[in-house]
Amino acid sequence: MSSDNTRMTTDLSGNEPEESTAAMGWIAFAACMMIMVGVFHVIAGLSGIIGDTAYVRTPNYVFAFDSTTWGWIHLLGGVLVALAGAALFQGALWARTVGVILALGSAIGTFAFLPSSPIWAMAILAVDVAIIWALTAHGRAWAVR
C-alpha cells in the first residue's frame, strides 16, 4: 500500500500497479448505460400502461402478457436498474454486484419481450451485454479507487 490515502492492488511480484483510468471509465460508462436502460424501460413501461395497443400480441407465446402487464414489468425493472446505475457512481462492491444481476435480469426480461417489440428489445439487449461486460471485466479498478 502507498503511504497516501489511495488504495491500489499489489500484483504477485510485489509491485504496486497504477490504477487504470480506462477501467474506471468503463465502470462510469456502465453506470451511465444502466441509468439510460432504466429510463428506456420506464418509457417502455409507461407506453404499455397508458396504451393497451402499444405492443404486438403474439398468439401461442409462453410469455403472452398483455401490454399493461409488460408495462408494469418494465416500469418496476427500469426504476431498479436506474437506481443501481446511480449507486455505481459510489464505487461500492454491492452496487457492481447488484448492477450485474439487474443487467442480467434486464437482458432475460428483454429477451422474453423480443416478439412484442423486436427492434427496441435488441437495442436494450445489446446495451445490457455491454453493461455486464464493463462491470465484470473492469470492476476491480473502480473498487480500489
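We number each residue from 1, following the sequence as shown.
- Listed here is the closest heavy atom pair of Ala82 and Ile35: O-CG1, 3.7 Å.
- Linking Ile, Leu, Val, Met, Phe, Trp and Tyr whenever their side-chain heavy atoms come within less than 4.5 Å puts Trp94 and Val81 in one cluster.
- Evaluated for a side-chain contact (heavy atoms from CB on, under 4.5 Å) with His41, the options Ile124, Leu75, Leu46, Ile73 yield exactly one hit, Ile124.
- Clustering ILVMFWY residues whenever any of their side-chain heavy atoms sit less than 4.5 angstrom apart, transitively, puts Val98 in a cluster other than the one holding Leu76.
- Of the candidates Leu135, Leu83, Leu80, Met34 forms a side-chain contact (heavy atoms from CB on, under 4.5 Å) with just one, namely Leu135.
- The CH2 atom of Trp26 lies 10.0 Å from the CE atom of Met33; values are rounded to the nearest 0.5 Å.
- Distance check, rounded to the nearest 0.5 Å: CG of Leu88 to CZ of Arg96 gives 8.5 Å.
- Residues Thr97 and Ile101 have side chains in contact (heavy-atom distance under 4.5 Å, counting atoms from C-beta outward).
- The two atoms that bring Asp128 and Ala107 nearest to each other are OD2-N, 3.2 Å, heavy atoms only.
- When each of Thr136, Val37, Leu102 is checked for a side-chain contact (heavy atoms from CB on, under 4.5 Å) with Ile131, only Val37 meets the rule.
- By the rule that hydrophobic residues join a cluster once side-chain heavy atoms approach within less than 4.5 Å of another member, Phe29 and Trp133 end up as members of one cluster.
- Legend: residues meeting side-chain contact (heavy atoms from CB on, under 4.5 Å) with Leu104, ordered by chain and number and at least two apart, are Ile108, Ile132.
- When all heavy atoms of Ala134 and Ala30 are compared, the pair lying nearest together is CB-CB, 3.8 Å.
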